[in-house]
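Quick notes on the structure that follows.
Keep in mind that what you see is a predicted model, and the values were worked out from it rather than measured.
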Amino acid sequence: MLNARMRIGAAWRDARILDLSSRGLSIQASEKLRDGSYVEIRRGRHVIIARVMWTNDRRCGLYTQDLLPTDALIAEPDTSVGAPFRPNHERHANRAPE
């Protein structure tokens with residue numbers, strides 16, 4: 001599992017990448033997402049724009065148009081060390097990505 005930040009509209013939320021492939025990923029989001037919506041995921045210096053293909057409560061599958069640099073995303077240092085994933089916590093909701 002990889003910590004990340006997710007932008008939905010103008011708001012930033014915590015997210016956790018659960019699974020990763022060259023064209024998509026599954027995440028656990030801090031709020032339920034709508035099928036067909038677009039999100040921006042940031043992990044370190046990496047920016048991923050993806051479409052929500054399926055949802056199951058706060059977990060969802062995302063599809064990307066561009067190939068994902070899977071090895072680089074995994075190797076990216078976790079800048080949120082000490083900041084646990086908070087699926088229902090709004091304290092850092094609008095904090096910009098790190």
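The two residues Ser30 and Met6 make their nearest non-hydrogen contact at N-CE, 4.4 Å. Taking every heavy atom of both residues into account, Lys32 and Asp57 meet most closely at CG-O, 3.3 Å. Contact detail for Leu62 and Ala50: the closest heavy-atom pair is CB-CB, 3.6 Å. In this structure, Leu33 and Cys60 approach most closely via the heavy-atom pair CD1-SG, 3.5 Å. Nearest heavy-atom pair, Arg58 versus Glu31, reported as atom, atom and distance to 0.1 Å: NH1-CA, 3.1 Å.
In this structure the side chain of Val47 reaches within 4.5 angstrom of the side chain of Glu40, judged on heavy atoms. By the 4.5 Å heavy-atom criterion applied to side chains, Ile48 and Leu73 are counted as neighbours. For the pair Leu25/Asp19, no side-chain contact is recorded, criterion being any heavy-atom separation below 4.5 Å from C-beta on. In this structure, the side chains of Ser22 and Leu68 stay at 4.5 Å or more apart for every pair of heavy atoms.
Other members of the hydrophobic cluster containing Met53, listed by chain and number, are Trp54, Tyr63; membership follows side-chain contacts under 4.5 Å among ILVMFWY residues, whether direct or relayed.
In this structure, the side chain to side chain contact (heavy atoms under 4.5 Å, CB included) partners of Ile74, at least two apart in sequence or on a different chain, are Leu2, Leu20. Asp35 pairs by the side-chain hydrogen bond (donor to acceptor under 3.5 Å, both in side chains) definition with Thr55, not counting sequence neighbours.
Applying salt bridge (Lys or Arg N to Asp or Glu O under 4.0 Å) to Glu76 and the options Arg45, Arg43, Arg42 leaves one that passes, Arg45.
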Exercise for the section: Run the numbers on Ile41 and Arg5 for side-chain contact (heavy atoms from CB on, under 4.5 Å), then give the verdict. Expected result: CA-CA 6 Å; Ile41 305 289; Arg5 294 292 289 163; over 6 Å; no
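Residue pairs meeting the side-chain hydrogen bond (donor to acceptor under 3.5 Å, both in side chains) criterion with at least one partner in residues 64-73, sequence neighbours excluded, do not occur; the list is empty.
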